[in-house]
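A short worksheet on the structure shown next.
One-based numbering, in listed order, for ligands and for the atoms of each.
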Amino acid sequence: MTKPSIVDVPTATDGPANAIDVTDSRTGQTHKLPITDGAIRAADLKKIKTADEDDPGLLSYDPAFLNTASCRSSITFIDGDKGILRYRGYPIEQLAESSSFLEVAWLLRKGELPNQQEYDQFVHDITYHTYVHENMRKFLEGFRYDAHPMAMLNSSVAALASFYPRSRNIFDERERDISIIRLLAKVPTIAAFCYRHLKGLPFVYPDNGLSYVDNFLSMVARMTEPRYEANPIFSRALEVLFILHADHEQNCSTSAVRAVGSSHVDPFSAMSAGIAALFGPLHGGANEQVLRMIEEIGHVKNVPQFIEGVKGGKGKLMGFGHRVYKSYDPRATIVKELADEVFKVVGVDRDLEIALELERIALSDDYFKSRKLYPNVDFYTGLIYRSMAFPTEFFTVLFAIARTAGWLSQWEEMLLDKEQKIARPRQVYTGYDERAYRRQIKL
Ligand code: CMC
């Protein structure tokens, strides 16, 4: 089995032929820059200088990292042109069909599928760390009745660092192990408590006799029954959605986790940075915005006018477009099939017609075709979540529960990567040159 190279360019061995000659028209000098795995090292550009001895050397300028690899990673492979997504080499379609979220969480971190003993121990460890300290409950109760659950989740995960000060020993493997177990186990509990707070309902404690997903659904939905029995279709649908969202290589939130983690802070603080990034409407927050957009459109007859508005610059078609996928998002294909399964149980979502019409028009319109804008994973997830009676502001929390697995695997990979250092980009300074201070106010 071959490992994917960091970018989708055939890997060649290092050597003189595997280099690029760059001729600097300012000096006439030619510089040989080695190419490894289809990439040059930006640091090699530094040696390209003018005759000026103050010249610090050439920088590469790449706002928003359009064409910069920030790390080497062996966790997730994406081919955006072909619509391929693989975790540790396994196609997402096969994992969604046959795996469980916890098996995928193990796979992402460890690189191989677990054997039975490893899996049973992992499930046991997670199951027995689902409870949170009672002070966390009081902390959550302190939020306003209408607090956004992503704001609650973000600050609660950061607060966990105060309960586990030893988690700061990030180079102790046992501390990393237990922190990762704690986060995978407790994030669903905190998420469910956020939901109950939002609804003004009493918190439901974890039930260790249930599976990961069923326990989460129990903490969300249980009322007076002694044991909550989740609808198996909902349970499997959520499991698949968790698998689909578990990792997605160097996206905005994962890059945030890696960057914050590179300061060697504890994993709870690093992960809260990821949750903050995920909250944004261009990233995980898009699933919430898709539904708000569909509700605003209101009726299928309003779709053409809405699309014209988008083309005219009035906002975006939420749930469309992706930095990497330029043909289709393989997760969106699976989500659409999953939606059909869920709709068979609860009936077709009242706004499915609007979503289908948006998709139909957008896929045949030159504006979207020429920009390679296709439905992404968030386009249909909102409709599934709404059918399962989750409130709109809770959708991104569901994404965060799943992405915990990817964030932590990427965080650990970053820590153990000898090439990584504190993330510290350069800038192209565009401000004033030195000037003298002259006060213009009375102090
Ligand atoms: N609706 C209308 N136009 C769009 C959209 C959209 N959803 N997305 C991109 N464009 C246009 C954009 O205006 C630009 O047009 P022009 O060339 O005329 O200036 C062109 O397409 C290229 O877009 P870009 O902004 O350079 O693309 P990007 O790679 O920087 O952004 C994106 C990617 C996902 C942030 C963007 O497509 C977007 O905002 N989509 C809507 C939000 C969304 O659904 N986000 C979820 C992403 S997938 C899950 C996740 O990451 O969590």
> Applying a 4.0 Å heavy-atom criterion (strictly less than), which segment of Asp378 is in contact with ligand 1: side chain, backbone, both, or neither?
Replying inline: side chain
> Judging by distance only, is a nitrogen or oxygen of Leu282 under 3.5 angstrom from one on ligand 1?
Replying inline: yes
>> Gly319 versus ligand 1: do any nitrogen or oxygen atoms come within less than 3.5 Å of each other?
In response: yes
>> Could you identify the single nearest non-hydrogen protein atom to atom 40 (N) of ligand 1 and state the distance to 0.1 Å?
In response: Phe320 O, 2.9 Å
>> Evaluate Arg386 against Asp349 for salt bridge (charged side-chain N to carboxylate O under 4.0 Å, His left out), listing each step before the verdict.
In response: CA-CA 8 Å; Arg386 184 166 73 178; Asp349 184 276; 2.6 Å; yes
> Is at least one protein non-hydrogen atom found at under 4.0 angstrom from atom 31 (O) of ligand 1?
Replying inline: no
> Is the backbone of Glu249 close enough, under 3.5 Å, to the side chain of Asn251 for a donor and an acceptor to pair up by distance?
Replying inline: yes
> Just which atoms of ligand 1 are under 4.0 Å from any heavy atom in Ala286?
Replying inline: 43 (C), 44 (O), 45 (N), 46 (C)
> Taking the six-membered ring for Trp, are His264 and Phe171 ring centroids under 6.0 Å apart?
Replying inline: yes
> Going by an N to O cut-off under 4.0 Å, is there a salt bridge joining Glu412 and Lys110?
Replying inline: no
> Charged N to carboxylate O under 4.0 angstrom, Arg88 versus Glu112?
Replying inline: no
> Are a donor atom and an acceptor atom from the side chains of Arg137 and Tyr205 found within less than 3.5 Å of each other?
Replying inline: yes
>> For atom 2 (C) of ligand 1, what's the nearest protein heavy-atom neighbour? Residue, atom name and distance, please.
In response: Val310 CG1, 3.6 Å
>> Measuring from non-hydrogen atoms of Phe379 to any atom of ligand 1, is the shortest distance under 4.0 Å?
In response: no
> Nearest to atom 13 (O) of ligand 1, what protein heavy atom do you find, and at what distance?
Replying inline: Tyr367 OH, 4.0 Å
> CD1 of Ile275 to CG of Leu153: how many Å apart, nearest 0.5 Å?
Replying inline: 4.0 Å
> Without hydrogens or angle criteria, can the side chains of Ser99 and Glu103 be said to hold a donor-acceptor pair below 3.5 Å?
Replying inline: yes
> Between Glu357 and His299, does any side-chain donor sit less than 3.5 Å from a side-chain acceptor?
Replying inline: no
> Tell me, which protein residue and heavy-atom name are nearest atom 51 (O) of ligand 1, and how many Å apart are they?
Replying inline: His283 ND1, 3.0 Å
> Any ion pair linking Lys46 and Asp55 (charged N to carboxylate O, less than 4.0 Å)?
Replying inline: no
> Where is the nearest protein heavy atom to atom 25 (O) of ligand 1: which residue, which atom, and how far?
Replying inline: Lys316 NZ, 4.2 Å
>> One thing to verify: whether Arg86 and Asp79 come together as a salt bridge, which I'm taking to mean a side-chain N less than 4.0 angstrom from a carboxylate O.
In response: no
> Hey, is Asn251 touching ligand 1 through its side chain, its backbone, both or neither, going by heavy atoms under 4.0 Å?
Replying inline: neither
> With atoms numbered from 1 as shown, which atoms in ligand 1 lie under 4.0 angstrom from a non-hydrogen atom of Gly284?
Replying inline: 52 (O)
> Would you say atom 27 (O) of ligand 1 touches the protein, meaning some protein heavy atom is under 4.0 Å from it?
Replying inline: no
>> For ligand 1 and Met318, I'd like to know whether there is a polar contact (N/O to N/O, distance under 3.5 Å).
In response: no
> Closest approach of Gly406 and Asp247, non-hydrogen atoms and distance?
Replying inline: CA-OD1, 3.3 Å
>> Return the closest protein heavy atom for atom 29 (O) of ligand 1 as residue, atom name and distance.
In response: Arg323 NE, 2.8 Å
> Within 4.0 Å of atom 22 (C) of ligand 1 (strictly less), any protein heavy atom?
Replying inline: no
>> How far is atom 7 (N) of ligand 1 from the closest protein heavy atom, and which atom is that?
In response: Leu317 O, 2.7 Å
> What about Arg331: any of its N or O atoms under 3.5 Å from an N or O on ligand 1?
Replying inline: no
>> Using a plain distance cutoff, I'd like to know if Lys326 has any nitrogen or oxygen under 3.5 Å from a nitrogen or oxygen of ligand 1.
In response: no
>> Given the ring of Phe234, does Arg236 sit roughly above its face, with NZ or CZ under 6.0 Å from the centre of the six-membered ring and within 45° of the axis?
In response: no
> Are His248 and Tyr325 close enough that their ring centers fall under 6.0 Å?
Replying inline: yes
> How does Leu373 reach ligand 1, by side chain, by backbone, by both or by neither, if only non-hydrogen atoms under 4.0 Å count?
Replying inline: side chain
> How does Arg371 reach ligand 1, by side chain, by backbone, by both or by neither, if only non-hydrogen atoms under 4.0 Å count?
Replying inline: side chain
>> Only heavy atoms of Phe399, strictly under 4.0 Å: list the atoms of ligand 1 that pass.
In response: 52 (O)
> Is the shortest distance from atom 19 (O) of ligand 1 to a protein heavy atom below 4.0 Å?
Replying inline: no
> Within a distance of under 4.0 Å, is there any protein heavy atom near atom 44 (O) of ligand 1?
Replying inline: yes
